[in-house]
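No hydrogens, no waters, no symmetry mates; every other heavy atom, side chains included, goes into these values. Count residues from 1 along the sequence. Please read all numbers here as calculations on a predicted model, not as lab measurements.
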Amino acid sequence: MPHPMPPPSTPPVPLADLLARTDLGLRQLAGPREGVAIHWVHTSEMADPVPYLLGGEMLLTAGVHLAEVRATAATSPDTALDAYLDGYAARTVAAGAAALGFGIAPVHDTVPPALVTACDRHGLPLVEVPAGTPFTAVESAVWQAVTEARHRELTRLSEAQRALAAAAARPDPASAVLRALARHVHGWTALLAPDGAEHGSAGPRPDGPVRAAAGRLARVLGAGGPSSATDTLPGTSLSAYALTGRGHGRQALALVVAADPHDPPAHTIAGVAAVLLALITGPATAHGPAAAEHSAALVQLLLGARPADVAPLLGAPLWTVVHAERRRDTTESAASLAAALGTSLVAPGTAAEAPAAPGVRPATEATPRTEAATAPGVTPALRALVPADQEVTAYPGWTLGVSEPAPVAELATADRHAAAALRRALAGRTSLVRHRTPGPHSITSLVAPADARQHAQALLAPLADSPPLLATLHNWLSLHGSWDRTATALGIHRNTVRQRITRITGLLDTDLDDPDVRMELWFALRSLDRDASRP
């Protein structure tokens, strides 16, 4: 029996919510009635659907396969059917399915009693789907609920991120961030030293066992262990994040968060707070007023300030922008990466909404982002500002895109270049890519910028109203026509890339297999890119 896959990242739908919908008319006949969550729906009439189950789904069947069991039984068809249904329920539970839905009509007038008994025996929720409810209606209801739940989750993450950034700009920022974090994760938050001493806390005080477990996590992180750690107690999930770097003469601190174990967004919100608190409590803040001004500059950038407004606080004339994405197989935290980069100017990001890029205000519903900026796996886990004289090198467990050094007034351009470099790094499966601007003696310098821009706009006019097609062409050309790497860079399926390139070929009425055509299109795209990157 294969082990069920880990729970999917989509928000679950309580079975009780589906049962409460009068338009579906569902009725639970067996199995547990509390705490049942559905992640998706799978329909199968196979005698053994287990190899095709992922776990967390509601398996729907009309019982077509039951007739074959009765027909092939050598003796006593009823006994054979009872034994089959018992095994069917047991295997479905072992495969991780959340519930079984049995459709009335066209094969069966009622749910077989033996199936009701088997589901009760094995703890599998069994739901009767009435004749007037097609399976597609059940599937649609689940996906509608998942979409609504995901929207609520993303809204919550976005609101929490803004609240945390605003808290970091207040007097006594560490305490303000702890309070905001406790409010948004609906739990307890604390800064703990390795000896368990509190350096600030907020939220409902936990009981003794939870507090003791929090102290153990802080000791593990403070003793040079991993950069993050977790523990689970009845009704509580504990997450701890190392904040203060070692070797700076300061006591290592850990952010510990106690929240509901069934609240995945709480972990994401805590990760955002950990980066901010690493900035606030990190070793850079011990180096006098200049470091404090750097912290103030970062917070203002997070809140959407223009780079020119914070230039006096940043001090250094040139800065490098780094976009970083954490790989799934690593435990290295954003705080540890920031320490390795040698900067406290780190802006946290989430899958829900990246923070304000340096000089770029957060996107809103009125200013939607292009597909290239929001493709899964491309939105950075963090953005960092590193003084230009500080070398940026690869860091284990993270993929980095690095801009060229830029003055403060051009941070928005550098931010776009770092994002493009990160996309190339992810597509090429390499740990670090640096953006390179063509030199003054490149071939592009032979054409006046205004003439190049005018030619590019005319050449690419058929794609002007389709940012996804422009983004696909740009990435496809930059990755030498690789379908797989372009799909990775944009977070779409390779067949979608092929379809878009075919459409682009038709709209431009050209041959993309011709290297001269590719070169001309690449120069045109670069001309538009340089024009769009002007601050």
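Considering only heavy atoms from C-beta on, Pro387 comes within 4.5 Å of Trp319 through its side chain. No side-chain heavy atom of Leu157 sits less than 4.5 Å from a side-chain heavy atom of Val272. Inter-residue side-chain proximity for Val433 and Leu422 is flagged as unmet; no heavy-atom pair is nearer than 4.5 Å. At least one side-chain heavy atom of Leu192 sits less than 4.5 Å from a side-chain heavy atom of Arg211. In this structure, Val127 and Leu100 have side chains that are not in contact, with every pair of non-hydrogen atoms separated by 4.5 Å or more. Proximity of Leu191 to Leu243: side-chain heavy atoms (C-beta onward) are separated by under 4.5 Å at one or more points. Residues Leu15 and Pro125 are in side-chain contact: their nearest non-hydrogen atoms beyond the backbone lie under 4.5 Å apart. In this structure, the side chains of Glu404 and Arg434 stay at 4.5 Å or more apart for every pair of heavy atoms.
A donor-acceptor contact shorter than 3.5 Å links the side chain of Asn475 to the backbone of Ala471. In this structure, Asp415 contributes its side chain and Ala418 its backbone to no donor-acceptor pair below 3.5 Å. At least one donor-acceptor pair closer than 3.5 Å links the side chain of His493 to the backbone N or O of Asn495. The closest donor-acceptor contact from the side chain of Thr399 to the backbone of Leu426 lies at 3.5 Å or more, if one exists at all. Formation of a donor-acceptor pair under 3.5 Å by the Thr147 side chain with backbone atoms of Trp143 is found in this model. The backbone N or O of Val146 lies less than 3.5 Å from no partner atom in the side chain of Glu148, so there is not a single donor-acceptor pair. When atom types are taken as modelled, the side chain of Trp40 and the backbone of Gly55 share a donor-acceptor pair closer than 3.5 angstrom.
Distance CG/Leu318 to CD/Glu410: 9.5 Å, rounded to 0.5 Å. Within the model, atoms OG1 of Thr268 and CZ of Arg156 stand 9.5 Å from one another, a figure rounded to the nearest 0.5 Å. Between Leu53 atom CG and Arg91 atom CZ the span is 10.5 Å, to the nearest 0.5 Å. To the nearest 0.5 angstrom, Leu479 atom CG is 5.0 Å from Arg485 atom CZ. The distance from atom CG of Leu253 to atom CG of Leu277, rounded to the nearest 0.5 Å, is 9.5 Å. Put simply, CD on Glu57 and OG1 on Thr43 are 10.5 Å apart, with the number rounded to the nearest 0.5 Å.
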Verdict with reasoning, Val256 to Thr189, per side chain to side chain contact (heavy atoms under 4.5 Å, CB included): CA-CA 6 Å; Val256 181; Thr189 64; over 6 Å; no
Which is it for Val257 and Leu238 under the side chain to side chain contact (heavy atoms under 4.5 Å, CB included) test, yes or no, and what are the steps along the way? CA-CA 6 Å; Val257 180; Leu238 279 172; over 6 Å; no
Begin from the C-alpha positions of Trp398 and Glu325 and carry the test side chain to side chain contact (heavy atoms under 4.5 Å, CB included) through to its verdict. CA-CA 6 Å; Trp398 286 79; Glu325 176 75 7; 5.6 Å; no
CA sep, side-chain torsions, deciding dist, call: Met58, Glu139, side chain to side chain contact (heavy atoms under 4.5 Å, CB included): CA-CA 9 Å; Met58 172 185 278; Glu139 182 176 5; over 6 Å; no
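Minimum heavy-atom separation, Val138 to Val41: O-CG2, 4.4 Å. Residues Leu400 and Ala394 approach most closely at CD1-CA, 4.4 Å, considering heavy atoms. When all heavy atoms of Ala141 and Arg21 are compared, the pair lying nearest together is CB-NH1, 3.5 Å. Residues Thr92 and Val50 approach most closely at N-CG2, 4.2 Å, considering heavy atoms. Scanning both residues, Pro204 and Trp188, for their nearest heavy atoms gives O-CB, 3.3 Å. Closest of all the heavy-atom pairs between Leu255 and Ala270 is CD2-O, 3.9 Å.
Between the side chains of Ser158 and Gln161, no donor-acceptor pair is found at a separation under 3.5 Å.
Here Arg494 pairs with Asp484 under the salt bridge (Lys or Arg N to Asp or Glu O under 4.0 Å) rule; sequence neighbours left out.
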Residues 174-186 side chain polar contacts: donor-acceptor under 3.5 Å, at least two apart:
from	atom 1	to	atom 2	distance (Å)
Ser175	OG	Asp172	OD1	3.4
Ser175	OG	Asp172	OD2	2.9
His186	ND1	Arg183	O	3.4

